[in-house]
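Read the structure below first, then the notes.
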There are 2 protein chains.
Amino acid sequence: MGPNVERRPPVMADVARLAGVSHQTVSRVLNDHPNVRAETRTRVMRAIDQLGYRRNLVARALVTKHSRTLGVVSFDTTLYGPASTVYGIEQAARDAGYFVSIVSLRTIDRAGVNDAIGYLAEQGVDGIVVVAPQRSAARALDDLPAGMPAVAVEGWHQGDVSVVSVDQVEGARLATSHLLGLGHETVWHVSGPADWLEAEGRCEGWRAVLTEAGRRVPDLLTGDWSPRSGYQAGKHLAAMAGDVTAVFVANDQMALGLLRAFTEEGVKVPEQISIVGFDDIPESEFFSPPLTTIRQDFGAVGRRSIDVLLRQIESNEPLPHERLVVPPQFVRRGSTTGAR
Amino acid sequence: MGPNVERRPPVMADVARLAGVSHQTVSRVLNDHPNVRAETRTRVMRAIDQLGYRRNLVARALVTKHSRTLGVVSFDTTLYGPASTVYGIEQAARDAGYFVSIVSLRTIDRAGVNDAIGYLAEQGVDGIVVVAPQRSAARALDDLPAGMPAVAVEGWHQGDVSVVSVDQVEGARLATSHLLGLGHETVWHVSGPADWLEAEGRCEGWRAVLTEAGRRVPDLLTGDWSPRSGYQAGKHLAAMAGDVTAVFVANDQMALGLLRAFTEEGVKVPEQISIVGFDDIPESEFFSPPLTTIRQDFGAVGRRSIDVLLRQIESNEPLPHERLVVPPQFVRRGSTTGAR
DNA sequence: CCGGGTTGTGTTAACGCTCACAGTTCTTGC
DNA sequence: GCAAGAACTGTGAGCGTTAACACAACCCGG
């Protein structure tokens with residue numbers, strides 16, 4: 001089409017030339033600056049889509065010092081919890097006009113989280129969300145680049161950073177009280193891995209309710225969140241079926257493992273043993289029996305954390321650090337019933 | 001600490017000044033350029049971590065025209081499939097030294113995908129991966145910005161772009177043949193939503209095997225991937241339990257719904273009805289009974305798509321478009337058995 | 001009909017880096 | 001001991017945008 005064989009994508013100057021204005025006027029049109037004559041504006045617009053011009057946000061970021069990109073550091077986004085949290089974060093960020101750059105760690109440790117934060121900082125993100133469910137990872141937040149707005153999600157931390165999380169202790173209390181309220185003498189607990197903050201919180205809530213009610217606190221069983229580990233715990237519990245009448249399991253996947261083990265061993269749920277899970281994954285409602293569980297609102301967690309982060313970014317002074325807690329919700333289904 | 005109260009983060013020039021070299025030498029050190037004296041290198045390095053300098057990748061991207069960032073467009077990354085695919089993509093990208101910027105669509109349509117691609121292009125990504133499981137979304141790839149390297153994942157497309165996907169047709173053939181091989185007269189199918197390419201492929205494979213074997217092709221049932229829709233299909237099938245002895249369900253979540261419905265209706269699996277799922281989610285092994293299913297290797301899909309994309313980015317000429325297919329794997333478990 | 005404010009537009013200089021090239025210093029062989 | 005080349009280092013320009021300022025054209029009341 002004529003002599004225009006330039007393969008280089010058009011830049012602002014090209015648009016300016018075609019529209020017969022200066023590049024700065026083009027910039028003003030693009031940024032909705034008020035002082036542009038309507039006629040000029042349309043002329044520029046026409047030139048823009050005639051050339052198929054797209055502005056270069058990299059150049060813009062260089063001068064404004066704002067990339068409108070947020071960094072997210074997470075761990076194994078294959079799991080329902082992290083995946084949902086990250087999804088919530090991404091949605092909230094985009095609604096606010098921000099991009100999201102994700103680093104999903106394979107193994108989670110302080111060095112890994114630190115590296116990830118470093119990469120993101122170099123890349124020029126305006127702020128960072130760290131989904132730091134493990135104690136060791138949460139500690140990496142101590143050495144954030146100075147002045148980098150950040151927020152921790154599901155991380156326990158008393159340091160220099162705001163935290164948004166679901167109230168794990170309360171969730172565990174809900175689960176345990178429910179079981180006690182049904183008349184069970186005590187409640188067993190299959191917890192998550194020791195280093196996880198969520199596992200810790202759930203364990204704490206469970207223990208607290210039992211202690212307050214003056215009940216015996218049974219030995220703790222520990223899994224790794226996987227259905228398989230729940231299955232193993234289930235085999236163990238089935239062997240002492242007489243003693244056990246109620247189990248609070250730290251997540252729904254492990255609860256499924258328990259269910260499977262109990263089925264194999266001929267232990268009836270809920271007739272012989274009642275089970276409460278945690279998370280309310282989409283599958284739980286269709287387990288056999290449907291699982292009584294504690295729902296976490298991951299979407300809310302994502303939105304709240306972006307709120308906090310953007311407030312930090314958009315204010316110039318450092319803001320006081322907040323601790324936001326999202327309440328969990330009890331969901332009664334078929335896996336729990338009164339003691340014999 | 002002395003007069004150094006500059007709050008602005010250090011730049012290359014600052015490092016250069018402190019090390020007593022030119023900014024260009026600092027750049028050379030940072031980029032592992034060979035021709036730098038060892039002594040100079042260490043002097044620069046010392047200056048770098050004395051100042052806590054981090055290079056500004058935005059400025060670098062502006063001049064090199066490469067951001068080392070890849071864009072990913074996906075849909076509802078809360079689901080196991082998309083989440084796993086995106087995870088695989090992110091891992092592979094990071095291993096290759098690239099960042100990943102994600103846009104996770106709420107609803108999937110051509111306009112949405114187009115917008116997302118537009119945003120990513122402005123942001124200066126070097127290439128784009130589109131996880132486009134729906135026909136309408138896949139079509140958005142027709143109007144990619146010219147010269148933008150791209151690859152479609154799980155997308156059927158005969159156009160101008162490379163595609164990486166799991167062989168859905170083959171997976172469905174595996175499932176259906178297994179059931180037929182067990183002696184079932186025919187196999188029913190609960191498919192995914194009509195517009196989904198995966199649903200289509202699975203349906204096609206199922207139909208093909210049945211036709212080739214000269215069997216009756218039963219009416220198709222359609223779900224929406226959710227356990228609930230599987231539950232509804234299950235209720236329907238249970239009502240005609242006499243006729244139905246084998247069902248191939250288009251994903252594991254719906255299969256769980258079927259299982260639940262059958263349990264409620266007193267239909268025994270696999271004694272009365274055999275079920276095969278698709279995906280092999282981590283839970284499937286612990287369903288009651290454990291689910292026979294078709295495993296998709298999402299990690300491999302992610303790696304392959306990044307391979308293809310990087311080859312496009314790193315070569316200068318446009319490469320021929322490829323069609324890479326990852327084989328599915330049959331996983332036999334307890335939900336299938338021979339016909340009466 | 002002329003000064004002072006508003007409105008619209010252009011000019012120039014950054015932003016922090018890499019590239020191309022121009023120097024400078026060090027080797028090396030004869 | 002000196003030319004020729006290799007090894008190392010410095011200089012200047014430019015990537016595409018926005019910010020800051022300068023300037024022209026217009027409006028209005030006295």
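Here is the naming used below: chain letters follow the sequence lines, and residue numbers restart at 1 for every chain.
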Review point. Looking at D:dT17, D:dT18, C:dG16, which one has an atom nearest to any side-chain atom of A:K65?
Key: C:dG16
**Study point:** Side chain of A:Q24 (C-beta onward), nearest among D:dA20, D:dT17, D:dG10
**Key:** D:dA20
Check your understanding: So, B:D14 side chain and B:V11 main chain: donor-acceptor pair closer than 3.5 Å or not?
Key -> yes
Review point. Taking OP1 and OP2 of D:dT9, is either one under 4.0 Å from a side-chain nitrogen or oxygen of B:R37?
Key: yes
Check your understanding: How many Å lie between CD on A:E39 and C1' on D:dA25, as a whole number?
Key -> 15 Å
Check your understanding: Within a strict 4.5 Å, meaning less than it, do heavy atoms of the B:I313 and B:L70 side chains meet?
Key -> yes
Review point. So, the side chain of B:R94 versus the backbone of A:S104: is there a donor-acceptor pair under 3.5 Å, distance only?
Key: yes
Exercise for review: Would you mind reading off the distance between B:L30 atom CG and C:dC17 atom P, rounded to a whole angstrom?
Suggested key: 8 Å
Check your understanding: Which residue lies toward the 5' end of DNA chain D, A:T64 or B:A38, if each is placed at its nearest nucleotide?
Key -> B:A38
Check your understanding: Rounded to the Å, how far apart are A:E122 CD and C:dC17 P?
Key -> 10 Å
Review point. Is a salt bridge present between A:D95 and B:R106, judged by a nitrogen-to-oxygen distance below 4.0 Å?
Key: yes
Exercise for review: Just do the side chain to side chain donor-acceptor pair (under 3.5 Å) check on B:Q123 and B:T69 with the steps written out, would you?
Suggested key: CA-CA 9 Å; B:Q123 209 208 10; B:T69 298; over 6 Å; no
Exercise for review: Going by the side chain to side chain contact (heavy atoms under 4.5 Å, CB included) test, name the single residue among A:L120, A:V72, A:V113 that passes it with A:V103.
Suggested key: A:L120
Check your understanding: When all nucleic acid strands are considered with a 4.0 Å heavy-atom cut-off, which category describes B:V58: base, sugar-phosphate, or nothing?
Key -> nothing
Practice item. Figure out the CG/C1' separation between A:L62 and C:dA13, and round it to whole Å. Key: 13 Å
**Study point:** Presence of A:N31 side-chain N/O under 4.0 Å of D:dT18 phosphate oxygens OP1/OP2
**Key:** yes
Exercise for review: Tell me whether the OP1 or OP2 atom of C:dG16 has a side-chain N or O from B:Y53 closer than 4.0 Å.
Suggested key: no
Check your understanding: Expressed in angstrom and rounded to an integer, what is the separation of B:L57 atom CG from C:dC17 atom C1'?
Key -> 10 Å
Exercise for review: Answer whether the closest heavy-atom distance between the side chains of B:F298 and A:T78 falls below 4.5 Å.
Suggested key: no
Exercise for review: Can you pull out how bent the helix from C:dC1-D:dG30 to C:dC30-D:dG1 is, comparing the axes over its first five and last five pairs, to 10°?
Suggested key: 30°
**Study point:** From B:E314 atom CD to B:D126 atom CG, the distance as rounded to the nearest 0.5 Å
**Key:** 9.0 Å
Check your understanding: Between A:P34 and B:A13, which is nearer to the 5' end of DNA chain C once each is assigned its nearest nucleotide?
Key -> A:P34
Exercise for review: Ignoring backbone atoms, test whether B:R60 places a side-chain nitrogen or oxygen under 4.0 Å from the OP1 or OP2 oxygen of C:dT18.
Suggested key: yes
Review point. Taking OP1 and OP2 of D:dA19, is either one under 4.0 Å from a side-chain nitrogen or oxygen of A:R28?
Key: no
Check your understanding: Rounding to a whole Å, what distance do you find between A:H66:NE2 and C:dG16:P?
Key -> 13 Å
Review point. Between B:T25 and D:dC8, does any side-chain N or O lie under 4.0 Å from OP1 or OP2?
Key: no
Revision key, fill the gap. Atom CG of A:D14 and atom C1' of D:dT17 are separated, to the nearest Å, by 13 Å
Review point. Which ones in residues 40-48 of chain B lie close to DNA chain C, meaning a heavy atom under 4.0 Å from one of its atoms?
Key: none
Practice item. Verify side chain to side chain donor-acceptor pair (under 3.5 Å) between A:T85 and A:E154, making sure each step is shown before the conclusion. Key: CA-CA 9 Å; A:T85 308; A:E154 290 305 339; 5.9 Å; no
**Study point:** N/O (side chain, A:N35) to phosphate O (OP1/OP2, C:dG8) under 4.0 Å
**Key:** yes
Point to revise | Residue-phosphate contact under 4.0 Å: B:R55 side-chain N/O, C:dT18 OP1/OP2 | key: yes
Review point. Tell me, do A:D142 and A:R110 make a side-chain contact under 4.5 Å, heavy atoms counted?
Key: yes
**Study point:** A:N56 CG - C:dC17 C1' separation (whole Å)
**Key:** 14 Å
Review point. Any donor and acceptor pair, going by atom type alone, linking the side chain of B:R43 with main-chain N or O of B:A19 inside 3.5 Å?
Key: yes
Check your understanding: Taking the side chain of B:H23 as its heavy atoms from C-beta onward, which of C:dT12, D:dG12, D:dG16 lies nearest to it?
Key -> D:dG12
